[in-house]
Amino acid sequence: MKYILLPSAEKRRLSFYLAMEEYVARHIDEPDCFFMWQVEPSVIFGRNQLIEAEVNLNFCRSHNIQTFRRKSGGGCVYADMNNVMFSYITDEQNVNFTFNRYIMMIVHMLQRLGVDARSSGRNDVMIGNRKVSGNAFYKLPHRSIVHGTMLYDTNMVNMVGAITPTDTKLLSKGIQSVRQRVALLKDYITLTLPEFMQFVHDTLCEEDLMLTEDDVRAIEELEQGYLSLSFIYGNNPKYTLIKHRYIKQVGDLEARIELKNNIIRSINLIGDYFLIGELDSQLLDKLKGLPLERAAISRALPDRIDDIIRNLYKEDFIDLLTL
């Protein structure tokens with residue numbers, strides 16, 4: 001696997017690294033690529049999440065925490081210079097295979113350090129019963145991207161405060177609760193963070209590939225899309241009905257439906273699910289103009305939708321809309 005290097009050590013905004021992994025996927029002709037990055041305090045939320053529902057914007061503003069949206073699904077995470085982010089780009093097209101391969105690659109790397117690491121749930125790497133890494137993915141034509149966190153010594157006040165109320169009592173309880181569920185890698189290894197990053201590089205990659213200044217300029221141009229307000233804040237169409245359900249191995253799903261005389265005029269699906277197909281053309285557009293009734297929706301949908309939203313089965317989706 002090739003390790004992707006930048007021609008300078010300049011620290012960038014989180015949006016640059018999101019653009020960088022997309023650029024590598026689209027323009028670097030290597031079957032498997034990997035790189036690590038660090039950012040100043042930032043919150044990154046999933047493609048299908050609402051920023052106002054996931055991010056404590058007042059806390060972020062008062063603590064100089066930047067906010068960004070990514071193109072992958074999954075939930076809201078916090079990053080800073082005391083942890084490290086991983087990006088893996090591959091030409092493997094099978095999403096489940098790609099995701100599982102990446103997770104096990106990280107698990108085995110940690111196990112080589114003597115850490116009791118294992119995979120768990122949809123997207124987590126655990127140490128014992130505590131989460132040390134959360135990961136997400138998305139597909140481009142002929143390429144797959146997996147990216148995630150590795151918690152080394154993260155600022156817990158910022159992590160909790162950026163996504164929870166700023167009330168002092170609630171913040172304190174939130175930190176205690178999260179600290180019981182989150183593992184910080186520094187507590188399990190003797191390596192410093194730079195030493196750990198070097199170990200990851202040497203363990204996972206056989207060769208370096210240096211990008212050019214032209215590549216960097218192209219990444220900076222691509223980054224502008226990640227910085228646009230329309231991308232960060234999204235568009236929230238009007239709705240008359242909200243349907244919410246947690247589905248195991250899928251995540252939190254919330255359908256916001258605009259109805260007129262019980263006919264679906266528009267529908268939006270938000271949540272921390274993992275999208276692996278085309279949400280509108282393959283799924284939601286098929287429901288427009290239909291009555292909000294189980295039989296009509298069942299006839300309109302393909303038999304399998306777990307190749308559109310990971311692990312989501314047709315009957316569970318119909319239950320979400322109609323129960």
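Computed from a predicted structure; not experimentally measured. All residue numbers in this chain count up from 1 along the given sequence.
- The structure places CZ of R130 at 8.0 Å from CG of D187, a figure rounded to the nearest 0.5 Å.
- A donor-acceptor contact shorter than 3.5 Å is absent between the side chain of H201 and the backbone of M197.
- Relative orientation of the H63 and F59 rings is parallel, given thresholds of 30° and 60° on the angle between their planes.
- A donor-acceptor distance shorter than 3.5 angstrom exists from the side chain of E195 to the backbone of T192, with no hydrogens or angles considered.
- C60 and V55 get closest at one heavy-atom pair: SG-CG1, 3.7 Å.
- Remark: the backbone N or O of N58 is paired with a side-chain donor or acceptor of S62 at under 3.5 angstrom.
- Listed by first then second residue, pairs satisfying side chain to side chain donor-acceptor pair (under 3.5 Å) with a partner in residues 149-158 read Y78-N158, not counting sequence neighbours.
- A pairwise comparison of heavy atoms in A79 and M85 identifies CB-SD, 3.8 Å as the closest pair.
- Between the side chains of Y88 and R101, at least one donor-acceptor pair of N or O atoms lies under 3.5 Å.
- Side chain of K314 to backbone of I305: no donor-acceptor contact under 3.5 angstrom is found.
- Between L185 atom CG and L151 atom CG the span is 8.5 Å, to the nearest 0.5 Å.
- Separating the OH atom in Y273 from the CD1 atom in I247 is a distance of 11.5 Å, to the nearest 0.5 Å.
- Applying the side chain to side chain donor-acceptor pair (under 3.5 Å) rule to pairs touching residues 136-146 yields nothing, sequence neighbours excluded.
- Of all heavy-atom pairs between M109 and F86, the closest is CE-CE1, 4.4 Å.
- S281 and E278 are not linked by any side-chain donor-acceptor pair at a separation below 3.5 angstrom, with hydrogens and angles left out of the test.
- Within the 3.5 Å criterion, the main-chain N or O of L269 finds no donor-acceptor partner in the side chain of R256.
- For T212 against D215, the heavy-atom pair with the smallest separation is N-OD2, 2.8 Å.
- When atom types are taken as modelled, the side chain of K243 and the backbone of L323 share a donor-acceptor pair closer than 3.5 angstrom.
- L5 is not listed as a side-chain neighbour of L211, based on a closest heavy-atom distance of 4.5 Å or more.
- For the pair E254/R245, no side-chain contact is recorded, criterion being any heavy-atom separation below 4.5 Å from C-beta on.
- The closest donor-acceptor contact from the side chain of T67 to the backbone of V43 lies at 3.5 Å or more, if one exists at all.
- Under a 3.5 Å cut-off, the side chain of Y3 and the backbone N or O of M36 do form a donor-acceptor pair.
- Looking only at distances, a side-chain donor or acceptor of N94 sits under 3.5 Å from a matching main-chain atom of N96.
- Side-chain atoms of N268 and Y239 form no donor-acceptor pair, as typed in the model, at a separation below 3.5 Å.
- Taking the six-membered ring where the residue is Trp, the centroids of F137 and F274 are separated by under 6.0 Å.
- The two residues A25 and L140 have their closest heavy-atom pair at CB-CD1, 3.7 Å.
- Y233 is not listed as a side-chain neighbour of L50, based on a closest heavy-atom distance of 4.5 Å or more.
- Aromatic rings from Y226 and F68 are positioned such that their centres are separated by 6.0 Å or more.
- Judged purely by distance below 3.5 Å, without hydrogens or angles, the side chains of S133 and N135 pair a donor atom with an acceptor atom.
- Scanning both residues, S15 and L227, for their nearest heavy atoms gives OG-CD2, 3.3 Å.
- Remark: the backbone N or O of I267 is not paired with any side-chain donor or acceptor of E258 at under 3.5 angstrom.
- Judged as a salt bridge (charged side-chain N to carboxylate O under 4.0 Å, His left out), the pairs with a partner in residues 62-80 (not counting sequence neighbours) are, in order, E22-K71.
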